[in-house]
S.K.: 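Sharing a structure, written as structure tokens. Questions coming.
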Number of protein chains: 2
Amino acid sequence: MSAETVTIGEAARRTGVSAKMIRWYEATGLLPPAARSEAGYRHYDEADLHTLRFVRRARDLGFSVEAIAGLLALWRDRARPSAGVKAIAQEQIVDLRRRIAEMEDMARTLERLAESCCGDDRPECPILDDLAAKDRAPAPPRRSPASAALATHAAHQRDKRGR
Amino acid sequence: MSAETVTIGEAARRTGVSAKMIRWYEATGLLPPAARSEAGYRHYDEADLHTLRFVRRARDLGFSVEAIAGLLALWRDRARPSAGVKAIAQEQIVDLRRRIAEMEDMARTLERLAESCCGDDRPECPILDDLAAKDRAPAPPRRSPASAALATHAAHQRDKRGR
DNA sequence: CTTGACCTTACCATGATGGGAAGCCCCATC
DNA sequence: GATGGGGCTTCCCATCATGGTAAGGTCAAG
């Protein structure tokens, strides 16, 4: 029975979640404390691996660890109404769409600027001219830091590594 | 002459860069040390404010501080070839486009899942079913952490605050 | 001369991840 | 049965750009 369990390194290999992150998820309470051998080694059974794959998949979809905690709770509660899950997913979609739109704005502005810059040996450069333009609104007022809106953050982190 | 200079708080108000960040940009070398009054207060003249607005605008376009350092150097070098600036901008565009595409993928997948979830009181939930699916590729190999690709990070940070 | 608004530096937190050190454990090979 | 190498443990540090807070100095208006 316990022959069916694996160490953290093997679990990492099988689920795509690094050993480092598995420990961190446990430390921060996303996952319950793993079973330990007498020597203190963590051991994972098939159900644990299943959970890890669930987490991994959710991360790939850009959910924050906080959101995943909610999804996990719902997953474990077999009687939950599917509406709760759908609501979390839709928040995530809205957040993704909002950030996509912002980045689209940036990209389009930059493309417009880059098009108008000949990009040769001469110093004239509309891109720098734009950046240096004086008639800029000074400080767009920031809205409240709202509790949501942190989802999908991790995806960006991973973006930076994985490219 | 020095009547034309302002303190850091006023500079922050006028440029939209927080006092905190102005100090940080100085500490990390993005900006040269500011002039100081006898009491140690930083003072900024119009040229400094212009530079700060330049930085602000570049941040708004998603450039990383590292990239902005490059842009600033080119901006100060009046004989620079515009090609250098264009290259930086295009790297940024590519990076933005890549990340937009990734988020689009996430959003589309989630939309598809959300559509198939009735979102009522019943427990059946295709979203959770997908997250829990077993036949997932375990570990997509991560590519090298390449030096570029960090641009636009700040924009996400600001995303989280400003909404 | 007091008060309050501003400035200074210094430290801590964020979120999800990786890197590394110091030390223990397990297994296989000699 | 010792030894070596690889895997495991915990703990600390770095990232990137930003905000918060605390302890203390400064300035200007009342």
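Chain letters run A, B, ... following the sequence lines, proteins first, then strands; residues in each count from 1.
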S.K.: Side chain of B:Arg36 only, heavy atoms from C-beta on: which candidate in C:dG20, C:dT9, D:dA17 is closest?
M.R.: C:dT9
S.K.: Flag yes if more than 12 heavy atoms outside A:Arg97 fall under 6.0 Å of its CZ atom; otherwise flag no.
M.R.: yes
S.K.: Ignoring backbone atoms, establish whether B:Arg42 has a side-chain N or O less than 4.0 Å from OP1 or OP2 of C:dT9.
M.R.: yes
S.K.: Can you name the nearest heavy-atom pair linking B:Val6 to B:Arg14, along with the distance?
M.R.: CG1-NH2, 3.7 Å
S.K.: Between D:dT18, D:dT26, C:dC26, which nucleotide has the shortest distance from any of its atoms to the side chain of A:Ala39?
M.R.: C:dC26
S.K.: Out of D:dA17, D:dT10, C:dT17, which has the shortest distance to the side chain of A:Arg23?
M.R.: D:dT10
S.K.: Nearest to the side chain of B:Thr7, heavy atoms from C-beta on, is which of D:dT9, C:dC6, D:dT18?
M.R.: C:dC6
S.K.: Please determine whether a side-chain nitrogen or oxygen atom of B:Ser18 lies at a distance below 4.0 Å from atom OP1 or OP2 of D:dG19.
M.R.: yes
S.K.: Choosing from C:dC7, D:dC8, D:dA17, which nucleotide comes nearest the side chain of B:Ile8?
M.R.: C:dC7
S.K.: Among the nucleotides C:dT8, C:dG18, D:dT9, which one has an atom lying closest to any side-chain atom of A:Tyr41?
M.R.: D:dT9
S.K.: Kindly say if A:Ser64 contacts the phosphate of C:dG15, meaning a side-chain N or O under 4.0 Å from OP1 or OP2.
M.R.: no
S.K.: Looking only at side-chain N and O atoms, does A:Tyr25 come under 4.0 Å of OP1 or OP2 in C:dA16?
M.R.: no
S.K.: Quick check: are there more than 12 heavy atoms from other residues, nucleotides or ligands sitting under 6.0 Å from CZ of A:Arg78?
M.R.: no
